Amino acid sequence: MSNRTAGYRALTTHRLFWPVVVLVGMLAANTVYRPGFLSVQMRDGHLYGSLIDILRLSAPLILVALGMTLVIATGGIDLSVGSLCAISGAIACLHISQQRDQNSLGGVLTALALGLGVALVLGAWNGVLVAVIGIQPIIATLILMVAGRGLAQLITEGQILTINSDPYKAIGVGHLLTLPLAIFLALAAALLVAAVTRRTALGLIIESVGGNARASRLAGIRSARITFLVYVISAACAAVAGFMMTANVSSADGNAAGLWVELDAILAVVIGGTSLAGGRFSLGGTILGALLIQTLTTTVYAMNISPQTSLLFKAVVVIAVCLIQAPGFRARFTRRRAPAAGPTPVTEQPKEQVPA
Amino acid sequence: MTTLSLLAARTRSRLPRRHVPVLATLALLLVLYGVGVSQYRAFSNIQVVFNVFIDNGFLLVVAVGMTFVILTGGIDLSVGSVVAMTAMVSAFLLREGLPAALVLLVALLIGPTLGFLMGCVIHFFDIQPFIVTLAGMFFARGMCTFISGSSIPITDGFWTSTSQERIGNPSGNFVSISVLIAFAVVAVAAYVLAYTRLGRNVYAIGGNSQSALLMGLPVGRTRIAVYTISGLCAAIGGILLSFYTLSGAPLIGVGMELDVIAAVVIGGTVLTGGSGYVFGTVLGVLVLGVIQTLITFDGSLNSWWTKIVIGGLLFAFILLQRLIGIRYK
Amino acid sequence: MTGSHPVLTMTGISKSFPGVRALDGVDFRLFPGEVHALMGENGAGKSTLIKVLTGVYSTDHGTVTLGGDEVSFTGPMQATAAGVSTVYQEVNLCTNLSVAENIFIGREPRRLGAVRWAEMRRRARALLARLDLDIDVNAQLGSYSLAVQQMVAIARAIDIEARVLVLDEPTSSLDAGEVAQLFRVMRQLRDDGLAILFVTHFLDQVYEIADRITVLRNGQLVGEYPTSQLPQLGLVEKMIGKELQVLERLDEQSRHDAAPAEGAPLLEVRELGRRSAVARFDLTIHEGEVVGLAGLLGSGRTEVARLLFGADRADHGTVRVHGTPASLRTPVAAIGQGIGFCSENRRAEGIVAELSVRENIILALQAARGWLRPVPRRRQDDLVERYVRALSIRPADPDIPVGNLSGGNQQKVLLARWLITEPRLLILDEPTRGIDIGAKTEIQRLVAQLSDGGMAVLFVSAELEEVLRLSHTIAVMRDREMVALLANDQSVDADRIMQTIAAGAGHEGVPS
Amino acid sequence: GNSDTGGNGGDDGTITLGFSQVGAESGWRTANTTSIKEAATEAGIELKFDDAQQKQENQIKAIRNFIQQKVDVIAFSPVVESGWDTVLKEAKDAKIPVILTDRSVDSADKSLYKTFLGSDFVKEGRLAGEWLVEQKKAATGPVTIVELQGTTGSAPANDRKKGFAEAIAANPNLKIVASQSGDFTRAGGKQVMEQFLKANPKIDVLFAHNDDMGLGALEAITAAGKVPGKDITIITVDAVKDGMQALADGKFNFIAECSPLLGPQLMDLVKKVKNGETVPARIETQETTFTQEQAKEALPNRKY
Ligand SMILES: Nc1ncnc2c1ncn2[C@@H]1O[C@H](COP(=O)(O)OP(=O)(O)OP(=O)(O)O)[C@@H](O)[C@H]1O
Ligand SMILES: Nc1ncnc2c1ncn2[C@@H]1O[C@H](COP(=O)(O)OP(=O)(O)OP(=O)(O)O)[C@@H](O)[C@H]1O
Ligand SMILES: [Mg+2]
Ligand SMILES: [Mg+2]
């Protein structure tokens, strides 16, 4: 066997190979539809083009999905992230709108601190419900998903709160080194989360708790603390995403900000190869998943697929991504004759039996 | 201490234990109802209770289907859209002038077919149910808007008469036909889960699908079956909804899957699978229904306080349910 | 048996997993009316061969013939339907269902399609009585210990109308009495013409029940022998492929003449107990002392071990560590006091299947250090390499998921996890479960060595021999009560312990 | 204690009105709610308010509960047009008059409700289109239009699209080259507009189904280096404060008003209906359109 084929095999069996293929395929399809799709121009000192839009718009989703990855890795789920985005954005905008000088950096920083602070408290609330009281994560976070929307609207009094603050706006649409600032923020967050999980033992411990909670407890892991922590991290990520979303349009909309982002985030995590059952997680996969989802949305607009059929289109792409990724699917088509590969080794999913 | 006394002590404390979550939920539901009665005069009308059933009949049916799926440790996000799609297709076909019986048949076939296909993908290609059913959700919702961008009224005689039939005292307390259908579905589902092989296999797979496979149980068949059942229930729910609203609207039932999942989980079914009862699901639906009724009766909350109070009541309920559960562990 | 045709023939079976050749052209025959032992070291390919037979794994090469017809099962469902009834190595039952259901699910007694629950319970009770097991068939299976679950799995398998019965290490956590009972049933089934495939690491059991032996080594067939023509030593040599005086070395280990431990009291518990689990007991463990827990199935040994580690919370009693009062309410607290615990249920409470061998090994150490201080990579490599070699974990690649290891090798990984934390007291619940004879000796040697070095060990094993060999002191359990504490001197042997158990609360022996 | 609400409308002379609102999905909707609440207090009408969170099911439930509480009058803004017959029949049987606000229902039996008070979405779209036709009547070459639709499948989106398309059919030069849903939100409007700008080198007109999407699109247009209101003519619907501001600033060109201030009119109707007076079957809200100049004038007294 030559070195080349070995390299090829290593490449195609890489976990992220197929999502990348789909992503590239989608970009290619766009380019075929409109040859200028990939072109990037310089405008007013920053880069301008659909690719840049995709990067900028995917930043909030990347952030939310990063937090979600950790939560899912512990075997949980966080439905409240959308509401948290709305709340943190609303608080920040409310504070800024009350400033006499909306452009003052100090005011904006306090606004961010306030928004983040409240999000952390709400994340801790989620954490307590799941880790201490032992409520099933989906229900525990559903409470805040419902009530949080209300809170966000309470803060904005149901109106869209428009602000006029350049420093705040920069979070959403500012530029750094010709590229959108948002993408740097998302990248920084990704690196931070990666460092916190992979440079320390946090990642291992999260994976262990998600892989087998009972065994982890007996190995001396304080799983309650870890579970608590991931919900707080998820809330923090959602808060920053909320800032970006509101800064992007310079206004806080308690109702629409971050609506359904939890579904997109979960989808990104799952496309990225992290199992909803918990255990092994992949931050790189999640980022790729988020980019893929944003590219899909942009494609709908760029190809002007009618709103009536855009959901059908999304359904087809999502299922295609999954199929092409699924080893079971490829196995069926690469060696038609061979019977299905046996199930993976006997691993018992630890069950925690709690009502609600 | 002798083995005998020990075993006796165990059995005594064990027998009700399995039912504690359900009993606790029932008790709390009664408390919730009591709160309503004490606060609002008209709440004690028996029709209020009937209305909860009338208004949540379709939700109940869909939740029953979801119970099957969650019991195997899966999830089905497509139900809300399938409900809408079923109603939409019925309305569309009726408008095109097809006979009611045929429409009913077609509408009842679509949901299970989609469920079956999703089940097959989940089983044969080993893809996570979440993602497959999410695609199913996009697909079904896309079909709705594809059929028509605006809502289609139903004027068919069979539909309208079924919809407006009042069982009981038409000018006093009554229920709709949908409620009876919902009860029938609940009864059948409870029977299937408790007394048929399919039902027991559902529990086994939820407990440990790997073990179930090694025990020689038809894991694949069962898994495909539960998604088909969920699709069927969603289709029945869609029909009930079309009775309820006498129309098909492309945006109806958005987010319904979350209500349904919440109802199932509040009813004591564990999301990782393997434990739960249909009766619990009934209670879960009632809890959501009563909370909503309470809020409407109050009538003083504005939009955001409505959400906050719903969240708060849900929290109080689940917290108490959990604490009682721990207390009796 | 002679002259008849084999009911099952497997020829040229090969099976590879990524990076591992688990089976390499293995032939295997099984005749009606025989008990056939399949032997081999951990990772030799026994379980894989069984899973190939029942269709859990597909083969790369080779054919399987059952009753004269070539078969190719795509799953256990088909295998069961074709008359192959199997107990897999790890207990594969649904702990959320009742005992009765676990026995009958898939073939419940029915009338008009409806499951007849009462009938099912009645039959389950009758069946368990045949195995001499008296438990509540209505209770959730998960509420019983692993050994009970193993018995239930066996009950399920023997009740299936079958031509071939496959038992993969069914006895790994059963005590002598249960094994005897099982063998009685097996003999009866064999005499009825059933073909039984039996895997175990207990050589005595092989010689007691098996008619023929097939030996595997590294995925290859070594040979097929009538039991009478293959002496124990020869069998061991065939299994490990080297001439090793394993059996002799085993004997050297006896502690009969070891002086009772002299060390300072490490752990003193008084009146410790938990309602409806274990009656209150006193126990003192000294530094460097090995305390064995002896008792029958369900006698409460596991419960005692769990209480001492805080895996279950005691509702009564006091604990002192090195003379100072301590609380052992949670595993974290116990680990803080220098206690380690290796659970008997390795799949549910031991390994984290997705994580690699390395990660599983360092897990407890890492947990103790907290997540902010990761174990340096260099140190990880050192530790992992040392224990992979010492316990001969195979394959020796520390980066494969531990779930891909054979059962015995998983057990070794768990041991390594606790050994590297260097606890002051190590609680081992059935540590040698499913471990082959070579590794077992190794582990016993290690325990002895560690206790010589000052570590205290609480040793729980269904194998009385092993307890006798290793312990300084033996605590005897019966009906969830500690009935005796014996210094393991010349006067103590298996019979004496069995008598103590039988006699019940005799309370002889040394005060602690 | 017994908060004595409901069921006692007739006893002490105060009128109880059960009102089921669509939700709080936009600033427009909140202004609508506020208007109704304030008007009720002013008119001395006891209001039982229910928020349906954009779900028809919830509205039906609310109406059933109003019937149980024996309110005097029921009013609601239907989430969708169809599907109300059953519950309205129940209200009729309970002899509770029903008033529709904001959106109508397509029930064949007109006796199920007393009157419909609200704007005409089709008309709004048509007004916007007619203004454009008027503006571009001199245009010789093709005029390219992009459209930002509201939430797919919602009544305002459908109707405004329809009205607009009808009006611009008068001039074949006017062509909609792209039409996408921006979900009535600023973020949606911005994101869609960004792609429109990239896909279509020349865009002359933007028609947005509400102000918010228009406001979002503004940012995308500015970022693309174009001048809103000049390079691209922007037409929207609603006339909320932020939209009016943009119009006054010359960033928008035209707004067809859709007034949320139905409160006073509604309370009038409620009293009339309660007293058994006959009311017209259709009452349109007083609405107008705004050009940039009109906006400058109107802006100072704009409350919402
Ligand atoms: N699912 C799997 N994926 C990868 N490798 C596997 C898998 N299952 C087994 N193996 C490998 O195949 C070899 C044979 O394992 P097998 O479980 O058959 O051993 P065994 O003889 O049953 O050992 P033990 O006595 O420890 O149970 C081992 O090297 C093991 O690591
Ligand atoms: N008659 C019985 N025979 C066997 N086990 C029983 C019996 N009665 C109860 N049990 C179960 O045995 C368990 C207690 O045994 P525990 O695990 O503490 O004992 P053990 O001595 O470690 O036995 P094992 O060999 O089963 O591990 C309990 O969970 C109990 O439910
Ligand atoms: Mg094995
Ligand atoms: Mg034990």
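It should be emphasised that the depicted structure is a prediction, and the values quoted were computed from it without experimental measurement. Every chain is numbered from 1 and lettered A, B, ... according to where its sequence line falls, protein lines coming before strand lines.
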Quiz item: What residue in A/Val316, A/Val270, A/Ile319, A/Leu144 has the most heavy-atom pairs under 4.5 Å with chain B?
Solution: A/Val270
Exercise. For residues B/Phe138 and A/Leu312, determine if any side-chain heavy atom of one lies less than 4.5 Å from a side-chain heavy atom of the other.
Key: no
Exercise. Would you mind checking which part of B/Val121 comes under 4.5 Å of any heavy atom in chain A, side chain (CB onward), backbone (N, CA, C, O), both or neither?
Key: side chain
Quiz item: At what distance, to the nearest 0.5 angstrom, does CG of B/Asn302 lie from CD of A/Glu157?
Solution: 9.5 Å
Quiz item: Which one, B/Ile147, B/Leu134, B/Thr25, leads in non-hydrogen pairs under 4.5 Å with chain A?
Solution: B/Leu134
Quiz item: Checking A/Ser275 against chain B: side chain, backbone, both or neither under 4.5 Å from a heavy atom?
Solution: both
Exercise. May I ask you to check whether over 12 heavy atoms, not counting those of B/Phe146, lie within 6.0 Å of atom CZ?
Key: no
Exercise. Carefully, step by step, assess B/Phe315 and A/Leu129 under the rule side chain to side chain contact (heavy atoms under 4.5 Å, CB included).
Key: CA-CA 9 Å; B/Phe315 167 68; A/Leu129 291 195; 3.4 Å; yes
Quiz item: Atom OG1 of B/Thr306 and atom CZ of A/Arg149: how far apart are they, to the nearest 0.5 Å?
Solution: 15.5 Å
Self-check item: Minimal non-hydrogen separation, A/Val318 against B/Ala135, with atom names
Solution: CG1-CB, 3.9 Å
Quiz prompt | CD1-CD distance between A/Ile266 and B/Gln128, expressed to the nearest 0.5 angstrom | solution = 11.0 Å
Quiz item: Side chain, backbone, both or neither: which part of A/Leu79 has an atom under 4.5 Å from a heavy atom of chain B?
Solution: side chain
Self-check item: For A/Gln136, the option from B/Leu271, B/Ile318, B/Ile266 that meets side-chain contact (heavy atoms from CB on, under 4.5 Å)
Solution: B/Leu271
Self-check item: Spacing of B/Met143 atom CE and A/Leu311 atom CG [to the nearest 0.5 Å]
Solution: 12.0 Å
Practice problem: Determine the option with the most heavy-atom pairs under 4.5 angstrom with chain B, choosing from A/Leu323, A/Thr309, A/Asn255, A/Leu142. | Solution: A/Leu323
Quiz prompt | Candidate list A/Val321, A/Leu276, A/Leu267, test side-chain contact (heavy atoms from CB on, under 4.5 Å), partner B/Ile131, passing option | solution = A/Leu267
Exercise. Looking only at non-hydrogen atoms, find the nearest pair between A/Met145 and B/Leu258 and report the distance.
Key: CE-CD1, 3.3 Å
Exercise. Evaluate the side chain to side chain contact (heavy atoms under 4.5 Å, CB included) criterion for residues B/Phe130 and A/Val269: first the C-alpha distance (whole Å), next the side-chain angles of each, then the deciding distance (0.1 Å), finally the verdict.
Key: CA-CA 11 Å; B/Phe130 183 93; A/Val269 173; over 6 Å; no
Quiz prompt | Atom group of B/Phe317 that falls short of 4.5 Å from chain A, counting heavy atoms | solution = neither
